[in-house]
Amino acid sequence: MTDPVSDPEPPHSDPRRRRLLFRATHRGTHELDLLIGGFVSSRLAAFSPDELTEVERLLDLSEPDLAEWLTRRQPVPPDQDSPMLRAMVDAAGR
């Protein structure tokens, strides 16, 4: 039996992380749900608060732009370039 006092909170019980996972897996197109949702769900527990903020910012970007960048049909513009977006693009290319 686990001790709720000493056990850390599971990452998906944090409301911010649950919201982020929902947003990442319900983008509107199945392709982006898979690309972004897969990236976020596999890394969600390890994201720092700053990384969560960056993912939230990326999820506010337009669906068509994200699709173009993640599938490498268009380069990521310098004003949107970030380590998190580069990691998403790299993960999508695998």
Side-chain angles (χ1 to χ4, degrees):
M1 182 161 94
T2 61
D3 178 4
V5 175
S6 62
D7 288 341
E9 186 174 315
H12 299 304
S13 66
D14 171 28
R16 183 179 185 193
R17 291 177 195 272
R18 278 197 322 267
R19 255 189 324 273
L20 187 61
L21 182 60
F22 182 85
R23 286 184 64 201
T25 57
H26 293 82
R27 296 290 307 169
T29 63
H30 184 66
E31 181 179 48
L32 279 187
D33 289 351
L34 294 175
L35 292 175
I36 297 174
F39 175 85
V40 169
S41 66
S42 68
R43 294 163 176 82
L44 186 61
F47 283 151
S48 70
D50 288 342
E51 290 170 324
L52 292 173
T53 299
E54 178 60 12
V55 173
E56 289 166 339
R57 182 190 75 78
L58 293 174
L59 292 177
D60 287 338
L61 297 173
S62 79
E63 187 100 1
D65 287 340
L66 283 171
E68 292 294 307
W69 302 334
L70 293 178
T71 59
R72 299 179 188 209
R73 290 185 293 241
Q74 293 289 323
V76 175
D79 66 320
Q80 295 298 333
D81 192 22
S82 70
M84 184 65 69
L85 185 52
R86 282 193 302 271
M88 280 185 183
V89 170
D90 289 344
R94 292 185 190 155

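We use all heavy atoms of the structure for the numbers below, so side chains are in, but hydrogens, waters and symmetry mates are not.
Legend: residues meeting side chain to side chain donor-acceptor pair (under 3.5 Å) with Ser62, ordered by chain and number and at least two apart, are Asp65. For Glu51, the salt bridge (Lys or Arg N to Asp or Glu O under 4.0 Å) test picks out no residue, with sequence neighbours left out. Residues meeting the salt bridge (Lys or Arg N to Asp or Glu O under 4.0 Å) test with Arg16, sequence neighbours left out: Glu56. Glu68 meets the side chain to side chain donor-acceptor pair (under 3.5 Å) test with Arg73; sequence neighbours excluded.
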Evaluate the side-chain contact (heavy atoms from CB on, under 4.5 Å) criterion for residues Trp69 and Leu61: first the C-alpha distance (whole Å), next the side-chain angles of each, then the deciding distance (0.1 Å), finally the verdict. CA-CA 11 Å; Trp69 302 334; Leu61 297 173; 3.8 Å; yes
Could you give me the CA-CA distance, side-chain angles and deciding distance for Leu35 and Thr71, then say whether side-chain contact (heavy atoms from CB on, under 4.5 Å) is met? CA-CA 9 Å; Leu35 292 175; Thr71 59; 4.3 Å; yes
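Atom OG of Ser41 and atom CD1 of Ile36 lie 11.5 Å apart (nearest 0.5 Å). Atom CG of Leu70 is separated from atom CG of Leu58 by 9.0 Å, given to the nearest 0.5 angstrom. With values rounded to the nearest 0.5 angstrom, Leu32 atom CG is found 6.0 Å from Leu66 atom CG. Considering CZ of Arg19 and CG of Leu21, their distance stands at 12.0 Å, rounded to 0.5 Å.
Arg17 has its side chain within reach of Phe47: a pair of non-hydrogen atoms, C-beta onward, lies under 4.5 Å apart.
The list of salt bridge (Lys or Arg N to Asp or Glu O under 4.0 Å) pairs with a residue in residues 23-37, not counting sequence neighbours, reads Arg23-Asp60, Arg27-Glu63.
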N/O donor-acceptor pairs under 3.5 Å from side chains in residues 83-90, not counting sequence neighbours:
| from | atom 1 | to | atom 2 | distance (Å) |
| --- | --- | --- | --- | --- |
| Arg86 | NH1 | Asp81 | OD1 | 2.9 |
| Arg86 | NH1 | Asp81 | OD2 | 2.9 |
| Asp90 | OD1 | Arg72 | NH2 | 3.4 |

